[in-house]
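As structure tokens, the structure follows; a few thoughts come after it.
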Amino acid sequence: MKNDANIVKQTKPAQPYNHLILEKKWQKKWASSKIYKSRESAKSTYKNAQKGKNTGRDKYYVLDMFPYPSGEGLHVGHPKGYIATDVVSRMKRMQGHSVLHPMGFDAFGLPAENYAIKMKVNPADAVTKNVSRFKKQLEIIGLDYDWSREINTTDPAYYKWTQWIFLQLLERGLAFESYEPINWCPVDKTGLANEDIENGRCERCGALVEKKSMKQWVLKITDYADRLLSDLDAADYQMPLLDWPESIKEAQRNWIGRSEGALIKFPTINNQTPNAKHLKDIEVFTTRPDTLFGVTYVVIAPEHKWVAELLTHVSNKKEVTDYIASSKLETEIERTDVKKEKTGVELKGIRAVNPANNEEVPVWISDYVLADYGTGAVMAVPAHDERDWEFAKKFGLPIKHVIAPERKGLSDESKYSFTGDGFLIGSDKFDGRESNSVKKEITESVGGKWVTKYKLRDWVFSRQRYWGEPIPVIHCEKCGTVPVPEKDLPVKLPRVKSYEPTGTGESPLAAIAKWVNVKCPKCKGKAKRETNTMPQWAGSSWYYLRYMDPKNKRALVDPKKEKYWSSVDLYIGGAEHATRHLIYARFWHKFLYDIGVVSTIEPFIKLQSVGLIMGEDGRKMSKRFGNVVNPDEIVARFGADTLRIYEMFMGPFDQQISWSTDSMVGARRFIEKVWKLLSKVTDTEVTLLKTLHKTIKKVTEDIQGLKFNTAISSLMIAVNEIDDAEAITKEQFELFLRILAPFAPHITDELWNLLGNKKSIHISAWPAYDPMIIVDDDVRIMVQVNGKMRGRFMAPNDSPQDRLEQTATALPDIQKWLDGKTIKKIVVVPNRLVSIVTS
RNA sequence: GCCCGGGUGGCGAAAUUGGUAUACGCGCAAGACUUAAAAUUUUGUUGCCGCAAGGCAGUGUGGGUUCGAUUCCCACCCCGGGCACCA
């Protein structure tokens, strides 16, 4: 019936769909016609922003987290995010935005270096090779990147500016040398930042992390802790509230870990001498100063310098030093294990004085107190803190209740520590007060200070590895640490034969005398270069700015002192970067804002995380499991358009999902159906307009909202309806092709071309829907009786309520249920339902 | 332990944010085409009862609010993620 040749006047003979020929053809055409070349530049972005209140409305900067080019190449999961940005970027371009959609490579760092060591090649050569492989793999997917802006973090012209930013940090005291013990990975043989550790293990290799004291460069990210936290929720005059997934915001909040509390000084005395000589003050940090009267002892972290200072007054020196030594041997994971039994030693001969009631309490050292949080010492209130409770129980220390859950007094007689809020008891003049309301008052009464503390630690920035940006600093015997003058940047990483980590705490660069020994820039005397390199995250902390320069050459600082570098409008990548890359990049961006280089306070306005694609077996895709699916093979077999449709249709974009090659047939059938629609194009007017306009609305909104799966579903519905119809006009088919184009760029450009269009569909205008066409003339009204669906009928749009009531109650299907009952109430929802309640 | 998500057919998932639960796709079953298979195509596909019309149940579990709850509230159970001896 539907193939009746008398009705369908074909414009073109049907030809078989050959994705291999067709996709290659269009990829070549796009490249030669340069339709994806971005006109956007940092400068034009800035100028656009200056034009009016519609800041950056014209430009649209959509960015993928750039990959590090591993030797294994891409698997089918990697392109998911890239396809998503591609879909958005294509729609935005068609909507008339000046789109910036670039790609580059994050090629410094441990993964690249370890791969090179394993394969026994120089990392620089491995990177070059891997990058070209990655690019080939990306090209066949038909992504609209502007490759003229490609960047590579290992390019000296690039890392010159990574080094430049370091120098700016140094100049402002935000980069400094530290000798504090840091986390050390014994396998990768390098120091690590707090962010590089997962459950006490090296995030890269899984080795147990050790503590090691050594000279380190550290960035003072903690100076930005408050802004990194508050700007997650702050809208600014020039910047909307960050449109980020709540889970990532929350992960950052947890990571930054703000808490408010009191600093309180406990004087210590030597209680062996007759007149109790005052030794020094131990300052503690507590979030519960309301429990101050319940303090029964004080604990200091064993490695704290105060312990060493007090040691001469301690009568059990040996015991104490033994404990300090043994706690040093513990790994981070042993020490911070929640379930670990408490250990500790009392500093005998010393007492601390509770400033609230002048009570003398013992002083202990224990590794349950962390040296690098708060002040490294705590006041212990076993009655109201679970850790202190456990410790007190184990060592038989007194427990004193000072908070009662209810006003009347203790409800449960001290069987456990009560950590909730309540009413003060045994607290002198504060008795009866509500615990929460009295914190600041108690703090003041003992001369304490109300402060804010963060869990965020400063960023350990040195790596004792070869493959990273050299830290641009020179150590002079006379002048000390001297920054490399800006004119001498970049400090190039020398090409070497041996680049394996030494494990000595020095980087392999230290062995290259020719490179290390330099003249001091200040006094021209003998000096040595800093041989540590920057961590993997350095280059990626500002790379999005580099893309904004069309020629990739402009200095990061504008000669005219104009700050025009801006933000990314949409940023897509893995959620695993929540507390690493995304914190570091925000930190650097804010710093660059402070020194006048960027014009915005946040780097990424909208962020979306990609859900991982797992192997068919549900495990992470990995060579190890043999479950890796290669995109090249999928593209060869099914076509890039099919791969794109499939990956976008699999499920909600941010959700983790297992790959299924079998399920790809659905996407392929859809593409083939679209291909066959060409034979339905005719002059005859048919009633598809409403369907098409509804689909335009849905697809436009869904792409905007990154709901690609439902966008494709509505495209499928449209195809099915067009297929069921007898024909479609050229104009209507063109409407459809244009909203499909972002998802399936090759086949749509081919069909667009076959319909007689000369220019690419991807630079055609995105269709607008007509709200008048979308409105339904008749709507379906449901009828409920006592909350159950009992019937339905059609009525003109916007029918009056009484009219709907009448029709509904008169329906035979409904009469049946009303028989013998009286109507108590009728609820009418316009254009939707009539709900009847009977007795 | 604390904090974020989430739990819907055989499977991946939809649901205008309080208004027809299961759209779209996969799979499966039956039919058509075929010597046959693949491909294609048609029909069906939440469960139970029924020849059917239809009825009853049904969105992790148990309660509640409402004419009406996948959606809101309370309690609990599972799954994923973040933080965690952070005082």
Side-chain angles (χ1 to χ4, degrees), chain A residues 2-3 198-199 245-259 261-262 284-289 291 299 301 335-342 366-370 372-381 384-388 390-391 419 453-457 575-576 578-579 609 611 645-646 649-652 654-660 662-667 669-670 672 676 698 701 707 709-720 780-792 813 816 823-829 831-838:
Chain A
K2 47 193 286 236
N3 291 324
E198 263 172 13
N199 297 321
E246 189 50 36
S247 57
I248 294 200
K249 282 190 179 182
E250 195 58 27
Q252 293 209 348
R253 285 185 202 114
N254 283 338
W255 190 258
I256 297 165
R258 180 193 150 99
S259 56
V284 302
F285 173 68
T286 179
T287 55
R288 295 295 304 268
T291 63
V299 198
R335 166 143 186 191
T336 56
D337 184 5
V338 188
K339 288 177 211 101
K340 185 188 141 186
E341 203 175 316
K342 299 275 181 288
S366 171
D367 61 6
Y368 86 90
V369 174
L370 305 174
D372 55 357
Y373 181 75
T375 61
V378 301
M379 59 179 225
V381 188
H384 306 292
D385 182 282
E386 281 172 27
R387 296 150 303 184
D388 298 343
E390 251 181 72
F391 193 81
T419 56
K453 293 277 175 194
Y454 297 92
K455 285 197 268 184
L456 187 71
R457 302 295 150 85
E576 70 273 17
T579 55
S609 37
I645 293 279
Y646 172 66
F649 184 62
M650 287 175 93
D654 58 349
Q655 195 172 293
Q656 179 176 308
I657 196 158
S658 293
W659 177 264
S660 164
D662 289 345
S663 299
M664 289 206 63
V665 294
R669 281 179 194 149
F670 169 68
E672 283 183 27
K676 285 184 201 152
K698 177 82 176 145
E701 289 170 359
K707 292 189 275 185
N709 56 331
T710 49
I712 290 172
S713 147
S714 70
L715 286 164
M716 285 173 167
I717 293 170
V719 166
N720 290 344
R780 173 166 294 180
I781 307 291
M782 305 158 273
V783 188
Q784 295 184 346
V785 179
N786 294 330
K788 291 200 187 260
M789 287 297 311
R790 297 301 182 188
R792 55 193 63 96
D813 275 357
K816 189 168 82 184
I823 295 174
K824 273 168 67 182
K825 185 177 171 186
I826 298 183
V827 179
V828 179
V829 180
N831 288 334
R832 197 147 274 162
L833 101 163
V834 177
S835 182
I836 304 165
V837 191
T838 68

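Naming convention: chains lettered A, B, ... in sequence-line order (proteins, then strands); numbering from 1 in each chain.
The base-pairing partner of B:G54, taking Watson-Crick or G-U wobble contacts with both distances under 3.5 Å, is B:C49. In this structure B:C72 sits in a base pair with B:G64, meeting the Watson-Crick or G-U test at under 3.5 Å. Pairing for B:G18 is absent, judged as Watson-Crick or G-U wobble with the two contacts each under 3.5 Å. Pairing for B:C83 goes to B:G1, judged as Watson-Crick or G-U wobble with the two contacts each under 3.5 Å. Using Watson-Crick or G-U wobble geometry with both donor-acceptor distances under 3.5 Å, B:G44 finds its partner in B:C28.
Not one side-chain nitrogen or oxygen of A:Arg780 sits closer than 4.0 Å to the OP1 or OP2 atom of B:G19. Contact check, A:Ser259 against B:A87: a side-chain N or O comes under 4.0 Å of OP1 or OP2. Regarding contacts with the backbone of B:A14, a side-chain N or O of A:Asn709 is found under 4.0 angstrom from either OP1 or OP2. The phosphate of B:A84 has neither OP1 nor OP2 within less than 4.0 Å of any side-chain N or O from A:Asn199. For the OP1/OP2 pair of B:A15 and a distance below 4.0 Å, the side-chain nitrogens and oxygens of A:Lys707 include no atom meeting the criterion. Taking only side-chain nitrogens and oxygens, A:Arg790 never comes nearer than 4.0 Å to OP1 or OP2 of B:G54.
Between A:Ile657 atom CD1 and B:C11 atom C1' the separation is 10 Å, expressed in whole Å. Atom CE in A:Met782 sits roughly 9 Å away from atom P in B:G19 (whole-Å rounding). Following rounding to the nearest Å, A:Glu701 (CD) and B:U17 (P) show an atom-to-atom distance of 11 Å. Look at CD on A:Gln656: it is 7 Å from P on B:G81, rounded to the nearest Å. In this structure, CG of A:Asp372 is placed 13 Å from C1' of B:C85, rounded to the nearest angstrom. Distance NZ (A:Lys698) to P (B:U16): 9 Å, rounded to an integer number of Å. For the pair A:Met789 CE and B:C67 P, the interatomic distance rounds to 18 Å; values are reported in whole Å. Spacing between atom CG of A:Asn786 and atom C1' of B:U66 amounts to 13 Å, rounded to whole angstrom units.
Straight-line distance between the C1' atoms of B:G68 and B:C72: roughly 13 Å, to the nearest whole Å. Taking atom P on both nucleotides, B:A53 is separated from B:U70 by 25 Å, rounded to a whole Å. The separation of B:C11 from B:U46, taken at their P atoms, amounts to 13 Å, rounded to a whole angstrom. Comparing B:U16 with B:C26, their C1' atoms are spaced 26 Å from each other, to the whole Å. When the C1' atom is used for both B:A30 and B:U20, the distance is 28 Å, rounded to whole Å. For B:G60 and B:U8, the C1' atoms lie 10 Å apart once the distance is rounded to whole Å. As rounded to the nearest Å, B:C33 and B:A39 have C1' atoms that lie 11 Å from one another. Distance noted for atom C1' between B:C77 and B:U61: 7 Å (whole Å).
A salt bridge does not link A:Glu672 to A:Arg669: none of the charged side-chain nitrogens sits closer than 4.0 Å to a carboxylate oxygen.
Counting any heavy atom pair closer than 4.0 Å across all strands shown, A:Pro652 reaches sugar-phosphate atoms only and no base atom. Nucleic acid contact for A:Arg335: base, since at least one base atom lies under 4.0 Å from a heavy atom of the residue. Nucleic acid contact for A:Val369: base, since at least one base atom lies under 4.0 Å from a heavy atom of the residue. Using a 4.0 Å heavy-atom cutoff across all strands shown, A:Lys824 reaches no nucleic acid atom at all. Using a 4.0 Å heavy-atom cutoff across all strands shown, A:Ile717 reaches sugar-phosphate atoms only and no base atom. Within 4.0 Å of A:Lys453, counting heavy atoms only, lies no atom of the nucleic acid at all.
Remark on RNA chain B: of its neighbouring residues A:Tyr373 and A:Trp255, the 5'-side contact belongs to A:Trp255, judged by nearest-heavy-atom nucleotide. Where A:Asp813 and A:Glu250 meet RNA chain B, the nucleotide closest to each residue was compared, and A:Glu250 sits on the side nearer the 5' end.
At a cut-off of 3.5 angstrom, counting only N and O atoms as typed in the model, there is no donor on one side facing an acceptor on the other between the side-chain of A:Ser713 and the base of B:C24. Interface remark: the A:Lys249 side chain does not form any donor-acceptor pair with the B:C4 base, using a distance-only criterion of under 3.5 Å. Remark: the A:Gln252 side chain and the B:G82 base include no donor-acceptor N/O pair separated by less than 3.5 Å. Between the side chain of A:Arg832 and the base of B:U16, a donor-acceptor pair under 3.5 Å is found.
Under a cutoff of 6.0 Å and an axis angle of 45°, A:Lys342 and A:Tyr368 form a cation-pi pair.
Heavy-atom neighbours of A:Glu390 CD from other residues, nucleotides or ligands within 6.0 Å: above the threshold of 12.
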